[in-house]
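We name chains A, B, ... by the order of the sequence lines, and we start the count at 1 in each one.
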Number of protein chains: 2
Amino acid sequence: MPRTIDRDARKAQLAEAVWRIVVERGIGAVSVRTVAEQAGVVVGSLRHVFPTRAELLEFSAELAVERASARIRATPQADDPLEYAFRIVRHLLPLEPDSRAELEIWIALLAESPVVPRLAAIRDEANQQVEDLCIQVVEFLTARPRDERTLADGRRLHALVDGLAFHLLTQPRDADPAWATDLAREELTRLAAASSS
Amino acid sequence: MPRTIDRDARKAQLAEAVWRIVVERGIGAVSVRTVAEQAGVVVGSLRHVFPTRAELLEFSAELAVERASARIRATPQADDPLEYAFRIVRHLLPLEPDSRAELEIWIALLAESPVVPRLAAIRDEANQQVEDLCIQVVEFLTARPRDERTLADGRRLHALVDGLAFHLLTQPRDADPAWATDLAREELTRLAAASSS
DNA sequence: CTTTTTCTAGTACAGCCGTGCTACGAAAAG
DNA sequence: CTTTTCGTAGCACGGCTGTACTAGAAAAAG
């Protein structure tokens, strides 16, 4: 067989090109032409890997989810349960350039859902994963068995974190995010304190 | 002078056409042609009122904010402060078709921000208004003077409500939103209970 | 009536879009 | 070597885009 490229690497390269364009020029500027140029390949090569624009966007969304998920899984254990929970929650907030870009991409792709229905499914699946994670964090902090209250607390944590994430995204890149991380820490502290009751 | 139309009514008519297209086919389908057709006018007439696409989108966003704002201002007083606060917060959640559509429009227009910078300004202004509203609700519930803790509680309420709003939006239109309204009510109850401490 | 101005209707243009398609080069397999 | 296959390069097509422009209909003002 003839020369072969690393398809996975090529796909990632193109997905990252999508991300850059979304962040810099918005989802409206994402076309097969702009993405190919941004990735430094010709349109024919892009279409050799992603035959349609929809497949390109779907993969870009999935890879963004995967990257974020990997970052959370890589969270190092901490001695203090509260500190460990806080580290996980921090990964759900757009505090670093990477996670900030991922959230921008996330919102942009959501706007594209009506055109590319699978994006809605990817979003729902990722939302569910974050919700499960939040519930696990509550379980971990309170050391309670998973009951109705745990689920409610998990859902609240999820809503709070997503709301904070959104608000952080709409403030300047260099603004101080302490108010948000403080609120998150407060919530986790409150959850941990309620473990005995 | 010659025949004149009600420009404000025409603008509203066109903005509502934008909303319908955003909800049904996404922001990507919003063009001067599709909007004109949806509104039942020809492109020339649309451009007579909105010379550019950007102006059309800006007005659509502003009108959506205005409509939501008016709905909140029209909230009838209730005997119970908690009930009154709850009624206001309910208006911030996408529970009715109208408010649901507004939130979808909101997210869609955000995705256009890089192309139409003024949309970002409109978003920031509206966010600030909601934040002020949340702080006022906290003040009202706790009957405390506005101090650091009031501001933090207000920001927390804002984040929680926006997070719930987003999660409600991503669940089916006919799903039961009780879990979200219950969480909101719980939060308000907690705030009211903390008024004496 | 005529004049004046607003609004409608439609054409035209340059440009980008996704996608289909062909032609060619490079490298592994025989 | 030749053959076979993958990847690259790029052209072409129909369609949609925002915007500029003209021509005429409609109605108020004189």
Check: Are A:H167 and B:N127 linked by a side-chain donor-acceptor pair shorter than 3.5 Å?
Finding: no
Check: Could you give the CG-to-C1' distance, from B:D8 to C:dC7, as a whole number of Å?
Finding: 16 Å
Item checked: Whole angstrom value for the distance that separates C1' of D:dC21 from NE2 of B:H48 -> 15 Å
Next item on the list: Map A:G44 and B:G44 onto DNA chain D by nearest heavy atom, then report which one ends up closer to the 5' terminus.
Entry: A:G44
Item checked: Length of the CG-C1' vector between B:L46 and C:dT6, whole Å -> 16 Å
Check: Have B:D132 and B:Q128 got a donor and an acceptor in their side chains that come within less than 3.5 Å?
Finding: yes
Check: So, does the side chain of B:R47 form a donor-acceptor pair with the base of D:dG18 at under 3.5 Å?
Finding: no
Checklist line | B:T52 side chain, from C-beta outward: closest of D:dT19, D:dA12, D:dA9 | finding: D:dT19
Note to self: Looking only at the side chains, is there a donor atom on one of A:R73 and A:S69 sitting less than 3.5 Å from an acceptor on the other?
What the structure shows: yes
Item checked: Residue A:T4, side-chain atoms from C-beta onward, closest of C:dG18, D:dC6, D:dT19 -> D:dC6
Next item on the list: Check whether any side-chain heavy atom of A:D153 lies under 4.5 Å from a side-chain heavy atom of A:T150, and answer yes or no.
Entry: no
Check: C:dT8 phosphate, OP1 or OP2: any side-chain N/O from B:R10 under 4.0 angstrom?
Finding: yes
Item checked: d(CZ, B:R25; P, D:dC16) in whole Å -> 11 Å
Item checked: Nearest to side-chain heavy atoms of B:S45, which nucleotide of D:dG18, C:dC17, C:dA9 -> C:dA9
Checklist line | Among C:dC17, C:dT19, C:dA12, the nucleotide that comes nearest once only the side chain of A:S31 is considered | finding: C:dC17
Next item on the list: Grab the CG-C1' distance between B:L56 and D:dT17 for me, whole Å please.
Entry: 14 Å
Item checked: Whole angstrom value for the distance that separates C1' of C:dT8 from CG of B:L14 -> 13 Å
Check: Is the centre of the B:F166 ring less than 6.0 Å from the centre of the A:F166 ring?
Finding: no
Next item on the list: Could you check how far CZ of B:R33 sits from P of C:dC17, rounded to whole Å?
Entry: 16 Å
Margin query: If you assign each of B:T34 and A:D6 to its closest nucleotide in DNA chain D, which residue comes earlier from the 5' end?
Written below: A:D6
Checklist line | From C:dT19, C:dA12, D:dG7, nucleotide with atom closest to A:I5 side chain | finding: D:dG7
Check: Rounded to whole angstrom units, what separation is found between the CD atom of A:E37 and the P atom of D:dA9?
Finding: 14 Å
Check: Of all the choices, C:dG10, D:dG10, D:dG18, which nucleotide is nearest to the side chain of B:V42 once you look at every atom?
Finding: C:dG10
